[in-house]
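Working notes for the structure below.
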There are 2 protein chains.
Amino acid sequence: MKLKADDRLEQAREEFIAQWGAMGTQWGINRTMAQIHALLMTAAEPMSTDEVMEALEISRGNAHANLKELVAWGLLRAVVRKGERREYFEAEKDVWRIFTVVARERKRREIDPALEVVRKCAEESREIATPEGRAFHEQMRQLEEFVVFASRMADRVAMMKHGFAIQMAAKLLG
Amino acid sequence: MKLKADDRLEQAREEFIAQWGAMGTQWGINRTMAQIHALLMTAAEPMSTDEVMEALEISRGNAHANLKELVAWGLLRAVVRKGERREYFEAEKDVWRIFTVVARERKRREIDPALEVVRKCAEESREIATPEGRAFHEQMRQLEEFVVFASRMADRVAMMKHGFAIQMAAKLLG
DNA sequence: CATTATTTTCAATTATTTCCGAAAATTGAG
DNA sequence: CTCAATTTTCGGAAATAATTGAAAATAATG
């Protein structure tokens, strides 16, 4: 009976890892990275590089690169066990924290560069006096305004505590 | 003097198209699609497939596929000029509308599938009575709760009118 | 210092996605 | 119906991204 429960858990967990990995693709995150995150999010204990390699059947290089990337994002922490030499990794499991970390990263990668582009184009077209030039500049200006807005919103959301977000959402959804 | 202004505009516009296209990659949108969108967003008149092909120096197949995709997203409209046979395309230029369209699409592609996965895993692990099973189920449950929340938020935002969003943002940012 | 465990790098391979170009299908006009 | 304009499809080429596997670098141990 104990074995059966363990099997079912293992199966559910593998399903989660596989699907979460597949979804990572949609999210613009590579499959391995999403799988490692899923694996560690549902691990009882921190895992070493070798354990991750074995669990997901991936190469050392791949495991290493993606573990480091996840640490850089702030979705994993490297921990050391006393008397042990190698590093273990444990995942951030709080969903709200995961969300704010991802939001911050996405803002950095998606919004900030857009702002630069749009600012530059708005600037370059400021003094073009033809009707087409004015229209273009106005379009860039509106885009810039919106991106600035989005940027500030993203910052705010990323800073929010869970409780406050819920409170705000209540107003919004109520 | 007129020529100079036109040149500067053309240059600024090409820069915008190139950069917006490069950014599309980051956004998980293919480069051509983003370029076409940028091209039409800054076009005074609707453009035909052939005009798009020529402006961006891309093949017919590529132009066609991405124009259709943009129409499917709701970022372009196909229009017909009276007495003309071919289709022309014009872009949605209102930035808020662009945003809500993209938000809707992203929700559909990123949030909805995640909800399914997480629901299934939560369901499958509901009755596993081991401590590990309970922990896994609890993790899935929290994830599900969050994704439902995100889903509802995304729906609300996608439905918002510009004015309301601004108003809400004022509270949030104030 | 020499040895060994571990992490990091990287060139080569493999997989995935995007794009081309030409053929096939469709549509409207005469 | 016939013809020409236009759209759509699709197999494979080209470009991009992910992954491997093994060697190099680093760090702890005795």
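Chain identifiers are assigned alphabetically (A, B, ...) following the order of the sequence lines, protein sequences preceding nucleic acid strands; residue numbering begins at 1 within each chain.
Applying a 4.0 Å cut-off to non-hydrogen atoms, the residues of residues 76-88 of chain B that approach DNA chain D are Arg85(B), Arg86(B), Glu87(B), listed by residue number.
We find that Glu110(A) and Arg106(B) are joined by a salt bridge, their nearest charged nitrogen and carboxylate oxygen being less than 4.0 Å apart. Under 4.0 Å is where a charged nitrogen must lie from a carboxylate oxygen, and between Arg119(B) and Glu116(B) no such pair does. Note on Arg141(B) versus Glu138(B): salt bridge recorded, some NZ/NE/NH1/NH2 to OD/OE distance being below 4.0 Å. Classification of Arg86(A) and Glu51(A) as a salt-bridged pair fails, no side-chain N sitting under 4.0 Å from a carboxylate O. Contact check on Arg126(A) versus Glu123(A) returns a salt bridge, with a Lys/Arg side-chain nitrogen under 4.0 Å from an Asp/Glu carboxylate oxygen.
No side-chain heavy atom of Phe149(B) sits under 4.5 Å from any side-chain heavy atom of Val95(A).
Glu15(B) and Cys121(A) make their closest contact through CG-SG, 4.0 Å (heavy atoms, listed as atom of the first residue, atom of the second, distance).
Note that the first and last nucleotides of DNA chain D, 5' to 3', having any atom under 4.0 angstrom from a heavy atom of chain A are dA18(D) to dA28(D).
A sub-4.0 Å separation between OP1 or OP2 of dT8(C) and a side-chain N or O of His64(A) is present. Close to dT6(C), at under 4.0 Å from its OP1 or OP2, lies no side-chain N or O of Thr49(A). Within the structure, every side-chain polar atom (N or O) of Asn30(B) is placed at least 4.0 Å from both OP1 and OP2 of dT17(C).
For Glu10(B), the CD atom sits in a packed shell: over 12 heavy atoms of surrounding residues, nucleotides or ligands are nearer than 6.0 Å.
Nucleotides of DNA chain D nearest to Asp50(B) and Ala63(A) differ in position, and the one nearer the 5' end is that of Asp50(B).
As rounded to whole Å, 14 Å separates atom P of dT6(C) from atom NZ of Lys68(A). For the pair Met53(A) CE and dT8(C) P, the interatomic distance rounds to 14 Å; values are reported in whole Å. In this structure, CD of Glu69(B) is placed 15 Å from C1' of dC19(C), rounded to the nearest angstrom. dT7(C) atom C1' lies 15 Å from atom CG of Asn66(A), rounded to whole Å. Between Glu51(A) atom CD and dT6(C) atom P there is a gap of 11 Å when expressed in whole angstrom units.
Classified by interplanar angle (parallel below 30°, tilted 30° to 60°, perpendicular above 60°), the ring pair His162(A)/Trp96(A) is parallel.
In this structure, Arg60(A) reaches the bases: a heavy-atom distance under 4.0 Å links it to at least one base atom across the strands shown.
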